[in-house]
Structures are given as structure tokens and as C-alpha cells.
Amino acid sequence: MKENRDGRAATEEKMKREELEALRAKVSCEALLEQAGYEIDLKESTRRAVKYRRGGNIVIVTHDGRGWFDPLSDEKGDVFGLAMFLEGIPFPSATEAVASIVGYQLSRSEWRSSRSCVPLKDIADRWCGRRTPSPGSGAWRYLCWDRSIPPAIVRQAIREGILREGPFGSMWAAHVDTEGRVVGWEERGPDWRGFATGGSKVLFRFGSSDASRLCVTEAAIDAMSLAALEGSREQTLYLSTGGGWSPATDAALAELALRPGLILVAATDANPQGDVYAERLRALAEASGCDWQRLRPPAEDWNEVLQNRERENGKGKPRPAACAPAASREAPPGMRRPLTRPDTDAATREGS
């Protein structure tokens, strides 16, 4: 790394700053990724964060194509840093690689956003300006009908003040900071997926505020789905990172993990990214001195598990009030039955 830094400094001395800035303006990070064989994941992308995949590798492009970060590590930077990251080359070689694709045309039109960060007061005003879901509303239909979230769970989230009606039949799920202020929200709907423009990802929080068990998922819908599958266990707080892992998210989780007797449950998706997040949670638990456990969904994510259960029960049948698996290795008093796969195998549980 020291050699790379030294090489970058030496090259910047030789090249005029204007030349470097011109290259940054002409070549987007997306062009570099396409050249390297990465493909865009439209389902997981928004205007502000475009996700690219190549096998198990993920790179998220930000700042209108001028910035990037690797959600599976701490790597981030500009287009030159991306070239160094992708190819393992020093800065002088990275500038040549970037210069070689000036004028490269993306396979799709680049997203452009004219909005910038929004003051916290404006975020709060926008949140308060939306009504809460009600039976038959767009968000209600999306959550209860499309995503199989039980009405009781939706009503609980409404009572906790963390759900709002979004446009075009979508729902908003609030992210709050350590002071309980709404700082952003996940946006999900039949034809829309994103995050509040100008908002901040911290944590979606559903359940007991003084919980001794924290279940961390990657989406608010997964957090509510797991709560439905477990029957909203007492002393459990269901959390969502909103598909990312910001420094604010890390700080909020570290603060929560300091509670005495806490169990930190990694309920992230059953894929490589979910496993990486689970390892981060284990490291956080070890640093905080709390217990850690892995609760892996027996499908891709917890909402898929919930929807599979609903299909097994049959359309039109009333939903059971609860189905309560434990993320611990021993069943607590009163536990009814373990979460099962469609083939009746028990859901995977791992713990330290």
C-alpha cells in the first residue's frame, strides 16, 4: 500500500491536476466495472447507489458514477482507486487503464440525480407529511397481500411510528438514529425499490426498545417477516440495515451491543453478502463482549420464508398468529415449535 501511495504522489506531481480531473470527469466507475466483466443488478440498485456484481464480488457505484465502495470490505474511492482495486495495480498503471477507456459507452444510460443531501428537518417534515397505512391502502396491500406480512405486525409497526404510505402503492419504513429521530427510510413497492433521497441509513427498529436480543436483517420487510415467523418474541428488537452498512449503522449497533446480557443475532440473508454481514456482527459482538448467533433463513431471505409458509397454509386460510423459532441453541420456556423448511428440515442455527 505504501508503494501505491508513493507512486500516486509521484505521478500526480508529473501530471497536471487538470489532466487528472479531466479523466475523472470523462470515465465513470460504471464503465470501468463493465470493462472488468461486472454486471448491473437492477433489482438491488437505486439512482444513488448502483450495484454491480461479478460472481461473489460486489461494487456499489455512488456520486453519479464518480465514486464507489465495496460493501464487503472498507475499500472505496474514485475511478483511479477502483482501477487499483480491480486489477491490483499501482496508481501510475491505474491512470493508464482509466485513460484507455475514455469515451466508453455504457450498455445502459447512466442514472443522474440533481438532488443533494437534505437537512434533517426537511427529512422529518417529509416523513410527517405522509399518512400512515390503513386497511386497503396501497402500502397495506403491498405489505399484507404482496409480501404476506400479517396485519398484526403492520399494526404494531404503525403504533411504533415506523411505517408510512409512499407513492404508487409503496411503503416507507423509517430509519432512526440513536436519539430516535427519523433520518431516512427504506422505500419498497410493487414497482419501486430505493432509499429516501438525502436520507441517512442507520437502523430500522421494530420491537422492544429495551430488548436483550437483537436480530439484524438487511431489509425492513425481512425484519417484520422474521417477527411474524417468531411471533414477535418478547425482549427482541428486529433491526434492518437497509441493505448497506454505513458508519452510522456500525456506531448504532455498537452502542446497542453494550447492553448487559445481550444476544446479537445475525439474521442476514442466506447468500455470500449475508454471510459477510454476519461475520461483521460476530466481530462486533466479540468487541462488545456480548453473545453472537447466526440465524440463517432456509430460503434466500426471511420474507421468502414467510411467503413459502403462506403458500403451504393455502390461499384464503387465516394466518397463524405466530410461528416461533429461537435463534438460541436451547428452546426457551413456552417455545411452541422450531421454524422449519418446506421439506420440514429445521432452519440452520449457528452460535458461538
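Please read these numbers as outputs of a predicted model, since none were measured by experiment.
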Exercise. Kindly work out whether a path of hydrophobic side-chain contacts (I/L/V/M/F/W/Y, heavy atoms less than 4.5 Å apart) joins M84 to L23.
Key: yes
Quiz item: Atom CG in L256, atom OG in S209: separation rounded to 0.5 Å?
Solution: 10.5 Å
Quiz item: Taking C-beta and beyond as the side chain, do I221 and M171 meet within less than 4.5 Å on heavy atoms?
Solution: yes
Self-check item: All salt bridge (charged side-chain N to carboxylate O under 4.0 Å, His left out) counterparts of D146, not counting sequence neighbours
Solution: none
Self-check item: Expected output: side-chain T268 to main-chain G274 donor-acceptor under 3.5 Å
Solution: yes
Self-check item: E39 atom CD: more than 12 heavy-atom contacts under 6.0 Å
Solution: no
Quiz item: Is any side-chain N of the basic residue among E230 and R213 closer than 4.0 Å to the acidic one's carboxylate O?
Solution: yes
Quiz item: Who pairs with D70 by salt bridge (charged side-chain N to carboxylate O under 4.0 Å, His left out), at least two apart in sequence or on another chain?
Solution: none
Quiz item: How would you list all residue pairs meeting ring pair (Phe, Tyr, Trp, His ring centres under 6.0 Å) that involve residues 168-190, not counting sequence neighbours?
Solution: W127-W185, W172-W185, H175-F195
Quiz prompt | Lys/Arg-Asp/Glu bridge criterion (N-O < 4.0 Å) met for R309, E312 | solution = no
Quiz item: Considering only heavy atoms from C-beta outward, does the side chain of Y52 approach that of E34 to under 4.5 Å?
Solution: yes
Self-check item: CG on L214 to CD on Q293, rounded to 0.5 Å
Solution: 11.5 Å
Quiz item: Could you go step by step and tell me if R205 and I162 meet the side-chain contact (heavy atoms from CB on, under 4.5 Å) rule?
Solution: CA-CA 8 Å; R205 308 173 192 229; I162 53 176; 6.0 Å; no
Practice problem: Apply the test side-chain contact (heavy atoms from CB on, under 4.5 Å) to residues L237 and F206: give CA-CA distance (whole Å), side-chain angles for both, the deciding distance (0.1 Å), then the verdict. | Solution: CA-CA 6 Å; L237 181 61; F206 175 78; 5.7 Å; no
Quiz item: What do the steps show when you test S225 against N303 for side-chain hydrogen bond (donor to acceptor under 3.5 Å, both in side chains), and what is the final call?
Solution: CA-CA 5 Å; S225 297; N303 187 247; 3.0 Å; yes
Exercise. Check the pair L239, T217 against side-chain contact (heavy atoms from CB on, under 4.5 Å), reporting the backbone distance first and the verdict last.
Key: CA-CA 6 Å; L239 305 169; T217 68; over 6 Å; no
Practice problem: Would you mind telling me which of V79, L82, D78 makes a side chain to side chain contact (heavy atoms under 4.5 Å, CB included) with V27? | Solution: V79
Self-check item: Residues forming a salt bridge (charged side-chain N to carboxylate O under 4.0 Å, His left out) with D275, sequence neighbours excluded
Solution: R294, R296
Quiz item: Are F69 and V202 connected in the hydrophobic side-chain network, where two residues link if heavy atoms are under 4.5 Å apart?
Solution: no
Quiz item: Is L33 linked to I101 within one hydrophobic cluster, defined over Ile, Leu, Val, Met, Phe, Trp and Tyr using a side-chain heavy-atom separation of less than 4.5 Å?
Solution: yes
Self-check item: Non-hydrogen side-chain atoms of S212 and I263 separated by less than 4.5 Å
Solution: no
Exercise. Would you name the heavy atoms of L264 and C290 that are closest together and state the gap between them?
Key: CB-SG, 4.1 Å
Quiz item: Where do Y142 and R147 land on the side-chain hydrogen bond (donor to acceptor under 3.5 Å, both in side chains) test, with the steps shown first?
Solution: CA-CA 6 Å; Y142 173 67; R147 307 307 291 265; 2.5 Å; yes
Quiz prompt | Non-hydrogen atoms of A211 and Q235 that approach each other most closely | solution = CB-O, 3.3 Å
Quiz prompt | Rounded distance (nearest 0.5 Å) linking atom CG of D222 with atom CD of E186 | solution = 9.0 Å
Quiz item: What's the spacing between C29 SG and L86 CG if we round to 0.5 Å?
Solution: 9.0 Å
Quiz prompt | Residues W140, I149; criterion side-chain contact (heavy atoms from CB on, under 4.5 Å); working and verdict | solution = CA-CA 9 Å; W140 188 281; I149 306 295; over 6 Å; no
Practice problem: Compare every heavy atom of P297 with every heavy atom of A270, then report the nearest pair and how far apart it is. | Solution: CB-O, 3.6 Å
Quiz prompt | Closest non-hydrogen atom pair, A266 against W292 | solution = CB-NE1, 3.8 Å
Quiz prompt | Test item: R24 side-chain N/O and R66 main-chain N/O as donor-acceptor pair under 3.5 Å | solution = no
Practice problem: Taking the side chain as every heavy atom from C-beta outward, state whether D41 and I58 have any atom pair closer than 4.5 Å. | Solution: no
Self-check item: Pairs where residues 190-202 contributes a residue and the test salt bridge (charged side-chain N to carboxylate O under 4.0 Å, His left out) is met, not counting sequence neighbours
Solution: E44-R193
Quiz item: Got a sec: does the CG of D210 have more than 12 other heavy atoms crowding it under 6.0 Å?
Solution: yes
Exercise. Scan residues 153-178 for pairs that pass salt bridge (charged side-chain N to carboxylate O under 4.0 Å, His left out), counting only residues two or more places apart or in two chains.
Key: D177-R181
Quiz item: Is a side-chain donor or acceptor of S28 paired with a backbone partner of G65 at a separation under 3.5 angstrom?
Solution: no
Quiz prompt | Heavy-atom check, side chain of E218 versus side chain of Y277, under 4.5 Å | solution = yes
Self-check item: Steps toward side-chain hydrogen bond (donor to acceptor under 3.5 Å, both in side chains) verdict (E87, S93)
Solution: CA-CA 10 Å; E87 304 296 335; S93 299; over 6 Å; no
Quiz item: Less than 4.5 Å apart, any side-chain heavy atom of I60 and any of W68?
Solution: no
Quiz item: Linking I/L/V/M/F/W/Y whenever any side-chain heavy atoms sit under 4.5 Å apart, do L32 and Y38 land together?
Solution: yes
Quiz item: From S73 OG over to F85 CZ, what is the distance, rounded to the nearest 0.5 angstrom?
Solution: 5.0 Å
Quiz item: Any side-chain heavy atom of L262 within less than 4.5 Å of one from D291?
Solution: no
Quiz item: CD1/I89 to OG1/T95 distance, rounded to the nearest 0.5 angstrom?
Solution: 8.5 Å
Quiz item: Out of curiosity, does L284 fall in the hydrophobic cluster containing L72 (side-chain heavy atoms, cut-off under 4.5 Å, transitive links)?
Solution: no
Self-check item: Side chains of I40 and V50 in contact at under 4.5 Å (non-hydrogen atoms)
Solution: yes
Practice problem: Provide the closest heavy-atom pair for R54 versus A36 in the form atom of the first, atom of the second, distance. | Solution: NH1-O, 2.7 Å
Exercise. Identify the heavy atoms of S288 and A254 that sit nearest to each other, and give their distance.
Key: OG-O, 4.3 Å
